[in-house]
Amino acid sequence: MTRAVYRFVDHTIRHEPAGGIVAELFCMTYGCDKSSGAQGNAEDAQDWALRHTGLNPGHELYRREFSDHARVTRAGQEPAALISRSSHDCGGAAR
Ligand SMILES: [Zn+2]
């Protein structure tokens with residue numbers, strides 16, 4: 001019989017401001033599949049919607065998606081120390 005000892009380490013997840021905010025607007029008019037595309041500046045996405053409505057009267061309803069970045073840090077580790085580890089090969093959700 002093999003015995004294993006597991007050590008659990010606390011981690012914290014928080015918003016990472018350096019990653020910025022990504023915004024995308026989707027036209028919800030039936031039959032229209034246009035979107036602003038992912039924009040690093042929310043104003044650019046909104047400007048696209050204003051232009052889209054101007055060119056397509058009646059296309060007035062949009063779904064807005066905003067996303068941010070989050071950083072997970074190990075208890076006792078400074079978040080700034082991890083920024084330089086961006087080359088880390090993350091295996092995705094399985095890890
Ligand atoms: Zn549209």
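Ligands are counted one by one from 1 in listed order, and the atoms in each one are counted from 1 as well. Keep in mind the model is a prediction, meaning the values are calculated, not measured.
Residues meeting the side-chain hydrogen bond (donor to acceptor under 3.5 Å, both in side chains) test with E24, sequence neighbours left out: S35. Residues passing the ring-ring contact (aromatic ring centres under 6.0 Å, His included) test with H59 are H52, sequence neighbours excluded.
Applying the under-4.5 Å side-chain rule to Ile, Leu, Val, Met, Phe, Trp and Tyr, the cluster around W48 extends to L25, Y62.
Salt-bridge check for E65 with R63: passed, with a basic side-chain N closer than 4.0 Å to an acidic carboxylate O.
Panel detail: the Zn ion (ligand 1) has protein N, O or S atoms under 2.8 Å away, 4 in number.
Between D68 and H15, the closest heavy-atom pair is OD2-ND1, 2.8 Å.
Inter-residue side-chain proximity for R74 and T12 is flagged as unmet; no heavy-atom pair is nearer than 4.5 Å.
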